[in-house]
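We name chains A, B, ... by the order of the sequence lines, and we start the count at 1 in each one.
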Protein chains: 2
Amino acid sequence: MPGLTQRQLKAQETKKRILDTALALFGEKGFDHVTVDEITAKSETSKGAFYVHFNSKYDIFLEKFKEIDEFYADFMETLPKEMKSYGKISLLVKSQMVYLRDSLGKDLLRTVYVSALIPNKSDYFSNMERQLYKLVYKIVEEGQIAGEIKEDRSPGELTMVITRCMRGTLYDWQLFDHFDLVLEGEKFIQAILEGIQKEI
Amino acid sequence: MPGLTQRQLKAQETKKRILDTALALFGEKGFDHVTVDEITAKSETSKGAFYVHFNSKYDIFLEKFKEIDEFYADFMETLPKEMKSYGKISLLVKSQMVYLRDSLGKDLLRTVYVSALIPNKSDYFSNMERQLYKLVYKIVEEGQIAGEIKEDRSPGELTMVITRCMRGTLYDWQLFDHFDLVLEGEKFIQAILEGIQKEI
DNA sequence: AAATTTCAAAGACTACAGTCAAAAACCGTG
DNA sequence: CACGGTTTTTGACTGTAGTCTTTGAAATTT
């Protein structure tokens, strides 16, 4: 790996210092109560340095979201082969919700859902969901071949419907207080699954 | 109505001038490309006046959203009594999407979906959706009584699922380019309806 | 090893939403 | 109609994200 010049090494170190400081501060005080100036002061860098390494305050999270791919990889591995396709989808939704709730947290996720709607911001969703999309597509496709899922909709369409369920639930998590993310996720996906699975 | 003093009248006039100017500018250049200073300059008022009449830049829309209740009222009236409950829901979703697309527009709706996620902003959704919620609840409840809709979920739960579909679809409208709101809304609600309606 | 180029880092500066204390316009009452 | 109180209006001010020009040290070329 390291064919890095001294300069690149130093830059990388600066980036890491900013990142760690920022995440620590966000954890302490919440995203909106931390200013960029505060981050640069505490990390002993400068505003200029911050914006060399990150395109915006939101961008800090892109790094964090790389972890999500590990989650999907893990999930894929531990998924029992013999499970029915709707069982797999149901399990995926549940695991995803538990993961997002416990490992990323509501505040972090909120910033994603906000920034995805703001023009000119990096596109977190495509980063975050490309893997998810593939995973669901695969399950649906296999489910249709195995005759467990109706074939009146294409795998692409069904994937869209299923992932939209997740986004809708995650959005509502932000909207409502006392919202049980995992429970609501299950209820919602259950309703969809009943509509798309073949009768026995 | 007018037991208004000259002062109250003038204030009302100022508010209207700000509102009209703002909406015109938003229409021209899009929400993010209009500044509050620009609005106050063009409406020949001041920043102070603006913030007396509106709590934030987003708040301008609250006024616009009052129109939504008229839409629901109209819908309720023109809804054929003899229609099946899932036909009603399907029609509601379709009309709603057409209305939001054509009368409010994507940009305006985006600001709602953003501001709903930002703490301390007025709660547009509860304004916007209280009527919707009631309407759906009523249809679902009647559907269950008429034996058209499964009774394994409460009307409240089903209402939540159905309105969440709408929110999910509207959110995705913002997210993806070349997204046919009406078509996608129909597809999504269709999938849900197949899951919740009783077999014949 | 001197000259030139590159690029991270610095921090002053801009743009803009939102605040606030003071002024102006208006109202009712003696 | 003058005066004390009330509401509207004003614009200077604040806070913060993000930009831009400048600086200096490391890398590269001669």
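OP1 or OP2 of C/dA17 has not a single side-chain nitrogen or oxygen of B/S56 nearer than 4.0 Å. The side chain of B/H53 contributes no N or O atom lying less than 4.0 Å from OP1 or OP2 of D/dT8. For A/T14 and C/dA8, the shortest distance from a side-chain N or O to OP1 or OP2 is not below 4.0 Å.
Distance CZ (A/F31) to P (D/dT16): 13 Å, rounded to an integer number of Å. Distance, A/K10 NZ to D/dA27 P: 11 Å, rounded to whole Å. The distance between atom CD1 of B/I39 and atom C1' of C/dC16, rounded to the nearest whole Å, is 12 Å. The distance from atom CG of A/L25 to atom P of D/dA17 is 12 Å, rounded to the nearest whole Å. Taking atom CD on B/Q8 and atom C1' on D/dT6, their separation rounds to 12 Å, with Å as the unit. Between the P atom of D/dT9 and the CZ atom of B/F50 lies a distance of 14 Å, rounded to the nearest Å. B/Q6 places its CD atom 19 Å from the P atom of C/dA24, with the value rounded to the nearest Å. Regarding A/E38, its CD atom lies at a distance of 12 Å from the C1' atom of D/dT16, rounded to whole Å.
Ion pairing of A/K187 with A/E184 is present here, as a side-chain N (NZ or NE/NH1/NH2) and a carboxylate O approach within less than 4.0 Å. Taking a cutoff of 4.0 Å between a charged side-chain nitrogen and a carboxylate oxygen, A/E142 and A/K138 qualify as a salt bridge.
With D/dT10, C/dA8, D/dG18 as the choices, the nucleotide that has an atom nearest any side-chain atom of A/A11 turns out to be C/dA8. The side chain of B/R7 lies closest to C/dA25, out of C/dA17, C/dA25, C/dA10. The side chain of A/S46 lies closest to C/dA10 when the candidates are C/dA10, D/dT16, D/dT10. Taking every side-chain heavy atom of A/Y51 into account, D/dA17 is the closest of C/dC27, D/dA17, C/dA10. Closest to the side chain of A/V52, from the set C/dA8, C/dC27, C/dA17, is C/dA8.
Residues A/V36 and A/K47 approach most closely at CG1-CE, 4.2 Å, considering heavy atoms.
At a cut-off of 3.5 angstrom, the base of C/dG18 holds at least one donor-acceptor pair with the side chain of B/K47.
A cation-pi arrangement is found for B/R164 relative to A/F188, the charged atom lying closer than 6.0 Å to the ring centre and inside a 45° cone about the ring normal.
A 6.0 Å sphere centred on CD of B/E44 holds no more than 12 heavy atoms belonging to other residues, nucleotides or ligands.
Comparing A/G48 and A/D37 along DNA chain D, the residue whose closest nucleotide (by nearest heavy atom) sits nearer the 5' end is A/D37.
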